[in-house]
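Have a look at the structure below, then the notes.
Count residues from 1 along the sequence.
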Amino acid sequence: MTTTASSASHSHHLSPAFPGRAPWGTAGKLRAWQQGAMEKYIQAQPRDFLAVATPGAGKTTFALTLASWLLHHHVVQQVTVVAPTEHLKKQWAEAAARIGIKLDPEYSAGPLGREYDGVAVTYAGVGVRPMLHRNRVEQRKTLVILDEIHHAGDSKSWGEACLEAFEPATRRLALTGTPFRSDTNPIPFVTYEEGDDGIRRSSADYTYGYGSALADGVVRPVIFMSYSGNMRWRTKAGDEIAARLGEPMTKDAISQAWRTALDPRGEWMPSVLRAADQRLTEVRKAIPDAGALVIASDQESARAYAKLIRDITGHKATLVLSDDAGASQRIDDFSAGDDRWMVAVRMVSEGVDVPRLAVGVYATTISTPLFFAQAVGRFVRSRRRGETASVFLPTVPDLLGFANEMERERDHVLDKPKKEGEEDPYAESEKEMDEANKQQEDTGEQDMLPFEALESDAVFDRVMYNGAEFGMQAHPGSEEEQDYLGIPGLLEPDQVQLLLQKRQARQIAHSKKKPAEEADLLELPAERRPVVSHKEMMELRKKLNTLVGAYVHQSGKPHGVIHTELRRVCGGPPSAEATAGQLRQRIAKVQEWATRMR
């Protein structure tokens with residue numbers, strides 16, 4: 001956050017209660033960051049307050065304690081909670097009822113029943129009838145709690161509706177676990193401050209990041225298990241393409257390889273689900289009710305994954321589809337029970353509280369940092385010290401980048417740095433990537449290029465933890481993979497790091513004893529296997545095109561002829577779909593031809 005933001009840490013030494021100020025005994029149960037944020041609010045008494053707290057830290061408890069204080073002291077007379085989904089709206093009403101605040105989650109119009117202290121509504125609901133809510137806010141002094149406020153920037157109409165509805169509110173409390181968005185839509189009631197670089201960034205009044213929460217034992221450490229593998233698919237043009245997930249390739253090829261991996265008819269998903277279920281079994285030795293969640297891209301895939309889980313485990317998975325009337329109840333039942341698996345399409349990615357979730361499979365092609373952080377947030381809520389979370393994901397550069405940046409706090413940037421397209425070879429490409437991200441964030445869908453997944457297999461690739469990478473590639477079911485899946489479910493953060501280092505050392509020592517002919521996988525420690533970025537791929541293609549251009553003048557042959565000859569000699573698809581290895585091979589071949597002609 002910006003310099004004006006208060007950053008929380010585990011060094012708070014605050015009174016467990018606020019004498020004469022905290023009603024109904026709620027403050028005695030607050031965590032240090034919640035007490036710190038309450039203290040700051042009570043001292044400043046601002047009309048607008050933005051609290052940024054990592055998913056799982058307890059934003060709801062803080063907000064309702066503050067609502068209780070404001071009602072008790074007659075600063076406000078009623079409360080309006082705005083949440084992203086129907087399920088969350090009900091969850092807020094239930095949480096409020098536990099501390100004596102009665103919110104109506106079914107409110108749609110007209111006067112509110114006398115027994116209620118306020119309402120819980122969705123952003124979509126406010127978008128449809130902003131004047132209804134404005135009238136309510138104007139009639140009585142109101143605290144508006146805007147949960148996951150970045151949703152107010154999801155569409156222009158939602159942002160405008162929130163401004164129209166809640167501009168007259170006495171107090172507004174904005175909450176988010178992930179304040180950043182991929183677009184530059186301003187978020188209502190959020191303060192933006194201009195930095196030395198001329199770029200405006202969101203400014204929080206109180207920040208409690210993942211790193212601080214981890215140090216306090218409020219959230220679990222996350223172990224990311226990454227799987228690569230060989231993918232084969234057919235393009236719209238009828239070309240068959242084979243590639244290894246995680247190897248350098250174009251943006252389109254990464255997208256198609258990724259979707260091939262997630263196809264339930266291939267071998268990648270069954271292998272990863274089997275590994276995740278083994279991990280869950282290990283975790284349940286220490287946490288008997290631990291649950292697992294697959295986050296799917298669409299309903300068809302979700303149903304197929306649920307069937308795979310039944311085939312693999314012999315147990316039925318709870319299936320949650322967003323347009324299903326019983327979805328909310330199924331989440332509640334799963335949360336209260338001890339079933340092993342739940343499969344959901346996106347709706348569980350944000351805010352839904354199932355504290356026993358400890359193992360996740362990221363089986364969606366959404367690649368915005370916002371969605372990834374919210375998805376991982378489903379697994380980090382700690383119930384007791386030592387619990388760990390494990391998230392399985394494909395070896396895709398964007399996802400590995402997000403996983404390695406778990407502790408980095410971000411601000412919502414309102415201005416993009418200005419670039420001169422002529423001077424910046426990446427400007428156009430970055431613009432396209434921004435558009436793709438914006439599209440995913442608005443619709444939840446990736447730009448789908450027509451293609452047909454043919455086959456896939458899985459390879460255990462690496463483990464990421466606390467910004468470091470461990471492990472060497474191994475076959476599913478191998479002793480090496482089992483070594484990592486078998487890490488105990490109850491460990492302190494520093495113990496996780498130590499164990500992973502030991503596992504890797506053992507794997508390297510074991511690998512050295514094997515005969516060379518058995519080394520059929522890339523036997524390099526994870527930190528020595530960087531995934532090549534989109535920019536590096538562009539550099540390779542640019543270098544190849546420059547060399548081909550030079551050879552055109554030298555040989556007198558047209559560009560197309562040289563590229564075709566390179567494909568014939570070196571093999572592989574057109575350069576736009578070639579891997580980094582194939583591009584380097586062609587670069588070397590052109591250089592060799594050019595040298596011969598001198």
Side-chain angles (χ1 to χ4, degrees), residues 17-18 20-30 34-35 37-38 41-42 45-51 53 58-126 128-149 151-152 161-162 164-175 189 328 332 351-353:
F18 304 103
R21 291 192 274 194
W24 310 320
T26 52
K29 299 171 187 172
L30 291 186
Q34 294 162 336
Q35 291 176 6
M38 278 287 291
Y41 186 95
I42 289 164
Q45 294 283 337
R47 187 176 181 203
D48 285 296
F49 192 88
L50 171 61
K59 291 184 288 294
T60 306
T61 300
F62 160 65
L64 290 172
T65 305
L66 183 55
S68 164
W69 188 91
L70 291 169
L71 286 167
H72 188 71
H73 288 82
H74 311 292
V75 177
V76 299
Q77 297 163 295
Q78 64 178 1
V79 178
T80 295
V81 173
V82 189
T85 65
E86 290 290 322
H87 184 84
L88 280 172
K89 186 178 72 169
K90 289 170 186 158
Q91 203 165 282
W92 269 97
E94 287 163 9
R98 287 196 287 272
I99 66 163
I101 299 175
K102 291 183 180 174
L103 299 178
D104 182 1
E106 305 298 335
Y107 178 80
S108 57
L112 185 65
R114 284 183 168 274
E115 70 274 22
Y116 288 110
D117 300 301
V119 300
V121 295
T122 63
Y123 285 99
V126 174
V128 173
R129 303 188 70 180
M131 287 311 295
L132 167 75
H133 298 286
R134 186 183 181 99
N135 290 338
R136 291 190 60 259
V137 165
E138 284 177 335
Q139 284 165 14
R140 301 180 74 199
K141 292 189 292 183
T142 305
L143 164 68
V144 179
I145 297 171
L146 296 142
D147 184 26
E148 302 298 353
I149 194 173
H151 282 285
C162 280
E164 190 173 5
F166 306 123
E167 190 274 326
T170 306
R171 295 287 170 92
R172 288 179 294 251
L173 172 62
L175 305 171
F189 314 122
S328 220
D332 290 342
V352 173
D353 185 15

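Across all non-hydrogen atoms, the minimal contact from Val144 to Ala169 is CG2-CB, 3.7 Å. Of all the heavy atoms in Ala37 and Phe62, the pair that sits closest is CB-CE1, 3.5 Å. The minimum heavy-atom distance linking Ala83 with Lys89 is given by the pair CB-N, 4.0 Å. Annotation for Leu146 and Cys162: closest pair CD2-SG, 4.4 Å, computed over non-hydrogen atoms. Taking both residues in full, the closest heavy atoms of Thr65 and Met38 are given as CG2-CE, 4.0 Å, listed atom of the first, atom of the second, then distance. Among all heavy-atom pairs drawn from Thr142 and Val76, the shortest one is C-CG1, 3.8 Å.
In this structure, Gln45 and Ile42 have side chains that are in contact, with non-hydrogen atoms separated by less than 4.5 Å. Between Glu86 and Thr122, some side-chain heavy-atom pair lies under the 4.5 Å cut-off. Residues Asp332 and His87 are in side-chain contact: their nearest non-hydrogen atoms beyond the backbone lie under 4.5 Å apart.
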Original post:
Are Leu143 and Trp69 close enough, and set up right, to give a side chain to side chain contact (heavy atoms under 4.5 Å, CB included), and what steps lead you there?
Top reply: CA-CA 11 Å; Leu143 164 68; Trp69 188 91; over 6 Å; no

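Counting only distance, with no hydrogens or angles, the side chain of Ser68 and the backbone of Leu64 share no donor-acceptor pair below 3.5 Å. A donor-acceptor pair under 3.5 Å is absent between the side-chain atoms of Glu148 and the main chain of Pro84, judged by distance alone. In this structure a side-chain-to-backbone donor-acceptor pair under 3.5 Å is present from Gln78 to Arg136. Tyr123 contributes no side-chain N or O that, together with a main-chain N or O of Ala161, makes up a donor-acceptor pair within less than 3.5 Å. Side chain of Lys90 to main chain of Ala120: no donor-acceptor pair is present (N/O by atom type, distance under 3.5 Å, no hydrogens or angles).
Ring geometry for Phe166 against His133 counts as tilted: the plane angle lies between 30° and 60°, on a 0 to 90° scale.
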Side-chain polar contacts of residues 93-116 - donor-acceptor pairs under 3.5 angstrom, sequence neighbours left out - could you list them?
unit_1	atom_1	unit_2	atom_2	d
Asp104	OD1	Glu106	N	2.9
Asp104	OD1	Tyr107	N	3.4
Tyr107	OH	Gly110	O	2.7

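Checked against side-chain contact (heavy atoms from CB on, under 4.5 Å), Ala53 has the following partners two or more places apart in sequence or in another chain: Trp33, Ala57, Lys59, Tyr208.
The CD1 atom of Ile145 sits 13.5 Å away from atom CZ of Arg172, with the distance rounded to the nearest 0.5 Å.
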